[in-house]
Amino acid sequence: MTTAPIDFATSLSNIRRLTSSSLPHQSKPAQLLVAIESTISTTLKSDVLPHSSTAYFASLLQCLEKACADQVPSTGQDEEMAETENMGQGALIPATLYLLAIVIPDTPTQVVLSKVSPTLECVLPLFETALEHPPALRSLLQINTSLLLIAPPALLNSSPLLKKAFNYLLELNLDPRPKVRHLAQEGVRKVLTTPIPPRVSPGAHPYLPRAREWVVGILEDEIRTGGGSKGKKARFADGEDGEGKRAIWVVQGLRGWVAVWGDEQLSSLCSMLLSLPPLPHLTPQIYSLLAHLLSPPPADAAGPTPSVLANLPTILDSLLNSPPSSSDTPTYLSAITSALVKMALQDTSLLPTYLPKAFNLIFTDILLAPSTSPAVLTAAADAIGSQGILRYCITDEMILSTLTYVRQGSQVAGARKKSKTPFLYRLILATTDAMNTHALRITHFLSIFTALISRLRLRVTESEVAQGDESGRGKTAAEELLLNMVQEVGDLRHQRGFEPKEKVDEVIGMAIEVIGVQAVLSVLPLNIEPDASGATPQPGRAHLLPLIRARTTNDSIAFFATYFRPLSERIFQKKVHAEDLGRGSEAKVWEVIVGQIWDCFSGFCEMPRDMTEGLTTPFLSLITNLLYTQPLLLPSLLRALSLLVSSTKTLLGSAAPPEELRKQFGLDQQSAKENMALLKTLAKDMVSVLLNVFSKLPRESRGMVGDVIGLWVGIMTEQDIIDTYNTVTTHLSANLHNMTPPTPGASPISHTMLDLLIIFVPQLPPAQSIALFNAASQGTMLEHKDATVQKKAYRALKRLLESGRLGEKQSKESLEVFVKKLGEAGGSVGPGAQRDRLQLLSALVEALPKDSLHLIPELLSEAVLGTKEINEKARDSGFDLLVLMGKKMAQGGSVQVEASEDDEEMVQAGTVEANAEEYITMVAAGLTGATPHMISASINALSRLLFEFKDDISESTISELVATLTVFLTSKNREIVKSALGFTKVSIVSLPLATLQPHLPALVPALLGWVHDHKNHFKSKTVHIFERMIRRFGFDEVYRNAGEERDNERKVLQGIRRRKERARKRKAAKGDDDEDEQKPRQSSGNAFDDILYNSDSDLSSDGEDDDSRPAQHQQKGGKRAQQQAAQQAKKGRGNEGTAYIRNEGDEPMDLLSRSIASGIATSDPSAQPRRRKPGQDAAKFATDKSGKLIIAEDISSGDEAGPSNDISAGAGSAFMATSRAIDGATRDSRGNLKFNRNTKRAREEEREMEMAEEGAGAGGRGGDKIQERRKKRVAMGLGEEFRAKRAGGDIKRNNGPDPYSYVSLGQASGRKKGKPGPKLNLTNKKRGSGH
């Protein structure tokens, strides 16, 4: 996961806070930074941090020069050394280098270039000393990389220091320490692949020949020495003894910049890579680099033409003649595949020579090998299929030659062959035969078949010598070559025990997509209907219907009308017949099948090949009837009608060449034009039908129908649209004030007509658009007593403004009138209409010209108050409107200010320049509002605008805004304080440190005033703000500004620091710091909402009491358990792909038959429990003469349960017993684990439980005694004897006392000796309950 780069100020702030660290390598750079900043502040007389990067660079360079020139005076002691030799932790030079590595990338280029020579003169001599100190060495590498990146070509060619710096980068590519080596490799990659201005493309770097020479030298040396000393066992992780390490590191680094190696030298590089010794860990790196080198660029890449490799046949021969060990096979296969693809692009004439060799190697030697691992099997299948030979290397000429070979009968045994057997035919034959001989690999063969069908989608003529069909109407090559294979694969699915059914479905689905539904059903019929004898043909293939629905496209509508339509009618009759006979379950089955059939209709409507022949009048009449009468089929029919229009529009607007479209789809732009003409003739009638369907549906079911209406209205003629519009508006005028729905459960007619007008808006002519705008903006609509009418009127106005068809209605004067009308209707906005009104205002602001920006202040108060709406969507619309207004003002223009007279000031009329700062000033005027609600809304608005426009307004304005809003933190009104806390949080997270620093003395005490207020979550919000503040400014800075007079509140800050330290120690103990840092936070998709509302404290889990600590330990243990489970699952995945043969029954097993595939299991059958046979439990019961089961009743059931019941009950309640034990635990409502207290009562209950278990094991006598003791000890609640067993109140029993009788205190206390009767409990409370 890549992380965003940290800005300069944040980097320095992160260092500055480590001044008091106990680690020298952290504290020394921080102390040096503070000292330099103090010097700069004294010199520049400015305390604003950070200073300019130029000032830091000059100071650090001066410090480095002095340190390099300084020699420690010799006193005769051995421990004294020169400063340049002291590279350990806490030394001056490493700290300076660390800061320089951060500062140089942010320093202006010209400043750094002016000091390149002094910098390198100091830096380069330090490499020898720093070799034993990786932190200092890494800083030196970063400095070198930064200097090389900004140097111009002239300086690169002339400066020996820069050449030496680049040589250091190259040499450290072989450093054994991973961090140093990776940093050097990354530095070389950046230098060689970053374009040097004014070049815009990488390559031709002055140092590229030197880099090539260095790589070639290392590789030649490795080839000459064989990768290391002879006779030594290769151990990759054993320090200096690992063979081929230097070659591995060179190949790893080369991968980053091999793209700029140079086309002329690529051939020699490939030969050299293949000449390297076959050492462990080196071979896969070589194959991976070769695959990267030879892989073609993406199809949409705008780069140069792929390079031509003159020795590509030699490379491929070398790869084919030197197969590696099984562990390196996947990368080896990727290299071969890339080489073949490169050959297909470079020279197709060589493919007939190399494809058979590659296929025999991959298929016979790898895929069919008995000991091949599952990962290698998958890689081999991909190399042949979807990622290799079949997808990229099979040309159209190969397909045509194979068809010609088959049509001439040359494949028949004994026939005279007129030509050599084509490679493609041999591939098909080998794969088909392998299904019989290697059934355990059938899943991989099915993947190859899927890729094979996908490639053979070429449409051909029917002549003996096959040719490509330019019209795109002929059969596909897959239909002629693979249809029988598709039938065999489809039959595999019905064999008992066959597991990889999803692979079969992929093959059949691809066949449906490429060959077509009609051809597939000719060999794999559905077999849904019973025949004349009433029996259903076997096997049934109703599972094909979902496949047809998902994979059908560019097919024949006429076939659906002639095959599926009659089938659906016959099955519908069976459904009706079953309902008449009262067989509801059977009727439901037929109903589901009818629905699945019509679900397939949408695929036939996506770019149909025969729209004019398929959309006949009887078929369209049937569709119309189904729209009216079959609501369950409505989604399928609407999806089909939508695709008819949308796919035709897409094809009509395609920019592809017509001949290419005909070749792929059998259609082109001209045929799409003819189809669109047909649809236009049907549009008016279809829209009328859809309008009737729309009006009869309930409101929540109209969405999809409305979308389809919009599509069909879009292709209607203008006159038809006007006629339909007039009809709808007539109905609306007649029923505008009639709120009675026409039928129970339906919407009022006015609502329906307004919905239709909203759908029509994008297609209305300008005259009708203006008429609708005038009607919808009248008070009769905007101030209607029905809030739904208001909502739809606002929505219609918004759509009209967005359509841009209003003409003069969008002029300056018309918009002023419209805003006035909206202002008049603002007082009567109904519930639920506010969101649509705010969205209308957004569309209005978007449409404002630059000379009408004076309307924004009139709308501003409503936008500000919109941020306080109760409805979340309305509130979001208010925030969006505020931001949109700000962006409109930021685009420029002028705002007219009207003259006004107040008691205190007079505002002169005139114009002010429109910008973001002026807009924020307008919003800030709301802070003087008369009500807390308005003030709170203004603060919310300013929070959002500050986050959005912080880069567009001056620092003085931001500072003044922060100072003003800090005052509101001391308000007595909680609504205002809540908004002010939100503003403070946004400020601390988003504003620069330099802007916030002066406000900390006022901000921190104001926030401390709410750290003990729990109401409205003020405490948690304030604590979270302090956490963010401490993270940015450091604890010392925040604590210093808290003020000594607030000692009680300052304890909260100390608590935050303690919890943070505890959290850091726990993470360090777990050893998962890096994992926790990489976990991304949950995001809502809105950055402002994440800041304002995501108040989850980082320390929320650390601030609990000690009671929660066991829960944390438990969670830690749970995490270990999860890791162990993941490891076990990983081990289980290691066996993935292992196949087993089930031995079921006594019949002999034919291992050479394809039927063996049905007996293959992916899991060990012996490790699985036996399946429960039907009726096996019935054997445990006796039967009478008639065969009925005799189930004896348990005499010990009920209240007289015996010991056996006690034992079973104890076994069933083991979990509860464990959780109630002394060392047990339970979870509270928050999920925290709380352990039981070790009290006297808990110990006694546990002893009794143990005695009960022992008593149950001894025959149950002990358990009975314990139960008697419990009954004696349990106190009876007061009035217990009057409680009814089934009723809810008290009762009076015969010869018993009254429920209101009194009892003596002696009886209640139970202290009278010798007196029989139970002890009473006056309070009816359990002991220890506390309530």
Side-chain angles (χ1 to χ4, degrees), residues 340-341 343-344 347-364 367-368 381 383-386 388-438 445-489 507 510-511 513-516 519-520 522-523 663-664 666 1154:
L340 289 172
V341 174
M343 182 173 287
D347 188 1
T348 56
S349 63
L350 296 174
L351 287 177
T353 304
Y354 287 95
L355 281 181
K357 296 180 182 179
F359 177 74
N360 290 334
L361 173 68
I362 299 173
F363 190 78
T364 307
L367 189 59
L368 300 186
I384 296 175
S386 60
I389 293 175
L390 288 174
R391 181 174 181 181
Y392 297 107
C393 303
I394 301 297
T395 62
D396 290 351
E397 290 75 17
M398 293 181 183
I399 299 173
L400 295 175
S401 63
T402 304
L403 284 169
T404 303
Y405 178 81
V406 172
R407 290 176 181 179
Q408 292 174 350
S410 301
Q411 85 282 5
V412 180
R416 179 175 175 272
K417 295 187 177 181
K418 298 181 181 180
S419 60
K420 186 179 177 181
T421 305
F423 164 72
L424 181 59
Y425 183 79
R426 282 184 283 160
L427 187 151
I428 297 172
L429 191 62
T431 310
T432 307
D433 292 342
M435 289 182 65
N436 295 328
T437 58
H438 296 78
F445 300 148
L446 293 176
S447 299
I448 294 175
F449 279 135
T450 303
L452 185 59
I453 296 172
S454 177
R455 180 62 189 91
L456 298 183
R457 61 178 71 228
L458 178 68
R459 295 190 176 270
V460 295
T461 59
E462 297 183 0
S463 58
E464 183 178 353
V465 179
Q467 295 179 349
D469 188 358
E470 298 296 334
S471 66
R473 298 283 181 172
K475 294 182 179 179
T476 60
E479 182 176 352
E480 188 167 346
L481 295 175
L482 303 176
L483 195 57
N484 292 333
M485 184 273 299
V486 170
Q487 181 180 5
E488 295 176 6
V489 171
V507 176
M510 184 59 70
E513 180 182 328
V514 174
I515 301 175
V520 172
S522 66
V523 296
K663 182 179 177 181
Q664 283 192 341
R1154 188 174 299 171

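Distance check: T431 OG1 to R426 CZ gives 12.5 Å after rounding to the nearest 0.5 Å. We find the CG-CG distance between L424 and L452 to be 6.5 Å, quoted to the nearest 0.5 Å. In this structure, CG on L481 lies 6.5 Å from OG1 on T402, to the nearest 0.5 angstrom. Interatomic distance, CE of M510 versus CG of L446, reported as 13.0 Å (0.5 Å rounding). If you take CG on L456 and CG on L390, they are separated by 8.0 Å, rounding to the nearest 0.5 Å. Expressed to the nearest 0.5 Å, how far CD of E488 lies from OG1 of T432 amounts to 7.0 Å.
The minimum heavy-atom distance linking T395 with R455 is given by the pair C-NH2, 3.7 Å. Taking each heavy atom of I399 and A477 in turn, the nearest pair found is CG2-CB, 3.6 Å. In this structure, S386 and A451 approach most closely via the heavy-atom pair N-CB, 3.6 Å. Across every non-hydrogen atom of E462 and K475, the tightest pair is OE2-CE, 4.4 Å. Residue T461 comes nearest to V465 through the heavy atom pair OG1-O, 4.5 Å, listed as atom of the first residue, atom of the second, then distance.
With a 4.5 Å cut-off on side-chain heavy atoms, T450 and V507 count as touching. Residues V486 and I453 are in side-chain contact: their nearest non-hydrogen atoms beyond the backbone lie under 4.5 Å apart. L483 is not listed as a side-chain neighbour of Q487, based on a closest heavy-atom distance of 4.5 Å or more. Contact annotation: the side chain of L367 never approaches that of H438 to less than 4.5 Å [non-hydrogen atoms, C-beta and beyond]. Residues L355 and M398 meet the side-chain proximity criterion, which asks for heavy atoms closer than 4.5 Å. With a 4.5 Å cut-off on side-chain heavy atoms, R473 and R459 do not count as touching.
With hydrogens and angles disregarded, no donor-acceptor distance shorter than 3.5 Å links the side chain of R457 to the backbone of T476. Side chain of T404 to backbone of A466: a donor-acceptor contact under 3.5 angstrom is found.
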Practice task
Begin from the C-alpha positions of L340 and Y392 and carry the test side-chain contact (heavy atoms from CB on, under 4.5 Å) through to its verdict.
Solution key: CA-CA 8 Å; L340 289 172; Y392 297 107; over 6 Å; no
Exercise for the section: Take L351 and E397 through the side-chain contact (heavy atoms from CB on, under 4.5 Å) test and state the conclusion after the steps. Expected result: CA-CA 12 Å; L351 287 177; E397 290 75 17; over 6 Å; no
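Taking the six-membered ring where tryptophan is involved, the planes of F359 and F423 are perpendicular, since the angle between them exceeds 60° and thus also 30°.
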